[in-house]
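Worksheet: the structure to be examined is printed underneath.
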Amino acid sequence: MDNKKQSFETEAIRTQVDRTQFLEHSNPLYLTSSFIFEDAEDMRASFAEEKQRNIYSRFTNPNTSEFVSKICNMEGAEDGYAFATGMSAVFSTFAALLNSGDHIVSARSVFGSTHTLFTKFLPKWNISTSYFKVNEIEKIESLIQPNTKILYAESPTNPGVDILDLELLGKIAKKHKLILVIDNCFATPYLQNPIRFGADLVIHSATKLIDGQGRVLGGVVVGNKELIREIYLFSRNTGPALSPFNAWILSKSLETLVVRVERHCENAHKVAEFLEEHEKVNWVKYPFLRSHPQFEVAKRQMKLGGNIVAFEIKGGVKAGKKFLNAIKLCSLSANLGDTRTIVTHPASTTHSKLSEIDRLEVNITDGLVRISVGLENVEDIISDLKQALGSN
Ligand SMILES: Cc1ncc(COP(=O)(O)O)c(C=O)c1O
């Protein structure tokens with residue numbers, strides 16, 4: 001692969017594995033589980049990693065390599081590995097890098113399944129986690145123990161759209177020799193590059209804006225070469241690899257990432273401004289609205305505000321449910337980062353099993369609504385939200 005550094009958009013389109021003898025223009029799909037060897041010596045040398053070549057698609061495949069190369073270029077990372085889902089990327093990172101007795105310091109507001117890993121599964125291997133609130137970042141140092149190995153956060157957070165100061169996290173991680181892992185899913189590699197601020201590893205659920213069309217699941221981890229080597233060795237043996245078909249889809253999607261994300265952000269900003277003026281809305285959180293508590297930090301570390309808008313509808317759970325029932329154009333779905341606008345009400349759905357006190361700990365109030373703003377005409381999105389708010 002030609003890895004000459006060009007502009008973001010050009011690399012997203014022009015990074016491509018070597019052409020076959022057919023000189024295809026667009027990269028084909030390498031739907032093969034394994035690769036053949038010229039002779040016994042070639043096979044031996046390949047397994048001994050004396051040669052860099054494809055052996056088996058659980059290890060590498062031309063489609064996954066192309067996808068990983070693009071994400072590495074976009075994030076300014078040395079190396080990476082692609083996974084079947086965002087969650088397999090998150091889990092494999094912890095499983096590969098941590099030992100029994102190790103400790104994680106994490107923001108409390110993280111994606112639900114990541115939180116479940118911290119509370120339910122990692123403790124089975126004697127790995128513990130301490131949490132800091134997104135607005136109490138100054139408390140992080142007091143949570144660090146001699147056995148702390150990873151500092152973990154998302155920014156913007158899911159579903160509250162809070163922003164964490166990546167530069168500050170980078171400084172803390174460096175000072176205490178921690179591995180800083182950032183889930184960059186809401187920002188995409190176009191809007192924010194955590195490695196610039198000191199992150200060692202960056203994780204994406206490629207299921208979201210990277211696919212962008214709600215078709216396939218995928219995940220990726222990129223960053224420091226030595227750490228990726230550990231993650232690769234773990235994954236090559238445990239098998240969470242991304243399928244070549246999904247890698248092919250995701251690599252194609254990256255060709256249009258910039259134009260899609262720019263329009264997503266433009267639409268989301270307009271939706272946020274509309275909601276901010278609405279009488280049935282208590283507050284709106286969108287990183288590039290002046291009213292966002294971390295507006296200045298968001299401006300420093302993100303190109304645009306992203307496509308997720310959170311707001312609180314007046315009237316709590318009852319009003320939230322009524323709003324969802326009145327929605328006509330937008331979808332009620334668990335995904336985000338799709339071309340289609342998606343509306344969710346965490347208190348009555350994804351987080352309904354938590355007590356109100358536990359929900360408030362992570363800023364999920366009863367009236368919180370999360371919108372993943374899509375690529376429909378923004379006037380149509382706004383008019384759907386307007387009529388649904390009118391039903392309350
Ligand atoms: C911030 C974040 N991280 C990780 C994930 C998990 O990704 P996946 O669904 O691809 O496993 C999600 C999914 O919503 C997410 O929002």
Side-chain angles (χ1 to χ4, degrees), residues 57-61 63-98 104 106-107 110-118 121-122 125 127 129 149-158 179-189 192-195 199-212 215-251 253-254 257 335-337:
S57 288
R58 171 152 43 82
F59 309 175
T60 59
N61 169 284
N63 293 118
T64 50
S65 299
E66 182 181 285
F67 171 62
V68 169
S69 278
K70 285 187 183 181
I71 300 284
C72 285
N73 287 340
M74 291 173 169
E75 289 285 9
E78 291 171 351
D79 206 355
Y81 186 82
F83 293 86
T85 63
M87 278 325 296
S88 54
V90 174
F91 173 68
S92 303
T93 300
F94 293 136
L97 301 179
L98 297 173
I104 302 167
S106 170
V110 286
F111 176 57
S113 296
T114 306
H115 194 258
T116 306
L117 276 186
F118 291 151
F121 295 107
L122 294 182
W125 297 291
I127 294 165
T129 308
K149 204 156 172 198
I150 286 181
L151 178 57
Y152 188 89
E154 296 168 10
S155 186
T157 62
N158 183 5
I179 302 168
L180 178 59
V181 183
I182 299 293
D183 182 334
N184 202 26
C185 167
F186 270 32
T188 80
Q192 174 175 279
N193 296 132
I195 290 171
D200 299 288
L201 293 170
V202 175
I203 298 183
H204 286 281
S205 163
T207 316
K208 315 299 176 203
L209 284 161
I210 289 179
D211 172 44
R215 298 163 299 183
V216 301
L217 300 170
V220 65
V221 183
V222 298
N224 171 282
K225 213 175 174 53
E226 284 80 44
L227 297 173
I228 292 292
R229 173 81 185 153
E230 294 298 312
I231 294 168
Y232 164 73
L233 290 175
F234 175 82
S235 305
R236 145 180 181 152
N237 287 294
T238 53
L242 180 66
S243 80
F245 180 74
N246 287 4
W248 180 78
I249 296 265
L250 293 170
S251 184
S253 291
L254 286 175
L257 184 76
N335 198 23
L336 58 95

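A search for side-chain hydrogen bond (donor to acceptor under 3.5 Å, both in side chains) contacts involving Thr207 returns Ser205, not counting sequence neighbours.
At least one donor-acceptor pair under 3.5 Å links the side chain of Asn246 to the backbone N or O of Leu217.
Atom CD1 in Ile210 sits 14.0 Å away from atom CD1 in Ile249 (nearest 0.5 Å). In this structure, the separation between SG on Cys72 and CD1 on Ile228 is 7.0 Å, given to the nearest 0.5 Å. Once rounded to the nearest 0.5 Å, the distance linking CD1 of Ile150 with CG of Leu97 reads 5.0 Å. Once rounded to the nearest 0.5 Å, the distance linking CZ of Arg215 with CG of Asn335 reads 12.0 Å. Note that CD1 of Ile71 and CD1 of Ile203 are 13.0 Å apart. Values are rounded to the nearest 0.5 Å. Atom OG1 of Thr188 sits about 6.5 Å away from atom CG of Leu209, to the nearest 0.5 Å.
Taking 4.5 Å as the limit, some side-chain heavy atom of Phe59 sits within range of a side-chain heavy atom of Tyr232. At least one side-chain heavy atom of Met87 sits less than 4.5 Å from a side-chain heavy atom of Thr114. By the 4.5 Å heavy-atom criterion applied to side chains, His115 and Ser106 are not counted as neighbours. Looking at Tyr152 and Val90, their side chains come closer than 4.5 Å, going by heavy atoms from C-beta outward. Within the 4.5 Å cutoff, side-chain heavy atoms of Leu257 are placed close to those of Leu254. Ile179 has its side chain within reach of Leu227: a pair of non-hydrogen atoms, C-beta onward, lies under 4.5 Å apart.
The shortest non-hydrogen separation linking Ile195 to Gly76 is CG2-O, 3.8 Å. Considering every non-hydrogen atom in both Lys70 and Ser251, the closest pair reads NZ-O, 2.9 Å. Across Gly218 and Leu250, no two heavy atoms sit closer than the pair CA-CD1, 4.2 Å. Scanning both residues, Tyr81 and Arg58, for their nearest heavy atoms gives OH-O, 2.8 Å. Shortest non-hydrogen contact noted between Ile182 and Leu180 is CD1-CD1, 3.9 Å. When every heavy atom of Asn184 is checked against every heavy atom of Ser155, the shortest pair comes out as OD1-O, 4.1 Å.
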| task | With side-chain contact (heavy atoms from CB on, under 4.5 Å) as the test, would you mind laying out the steps for Ile231 and Leu201 before giving the verdict? | result | CA-CA 11 Å; Ile231 294 168; Leu201 293 170; 3.8 Å; yes
| said: Set out, in order, the CA-CA distance, both residues' side-chain angles and the distance that settles side-chain contact (heavy atoms from CB on, under 4.5 Å) for Leu122 and Ile104, then state yes or no. | reply: CA-CA 10 Å; Leu122 294 182; Ile104 302 167; 3.7 Å; yes
| side-chain contact (heavy atoms from CB on, under 4.5 Å) between Leu336 and Phe186, intermediate numbers included | CA-CA 9 Å; Leu336 58 95; Phe186 270 32; 3.7 Å; yes
| task | Step by step, work out the side-chain contact (heavy atoms from CB on, under 4.5 Å) result for Glu154 and Phe111. | result | CA-CA 8 Å; Glu154 296 168 10; Phe111 176 57; 3.3 Å; yes
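Taking the six-membered ring for Trp and the full ring otherwise, the centers of Phe94 and Phe118 sit less than 6.0 Å from each other.
Each of Leu117, Thr85, Thr238 was compared with Phe91 under the side-chain contact (heavy atoms from CB on, under 4.5 Å) criterion, and only Leu117 meets it.
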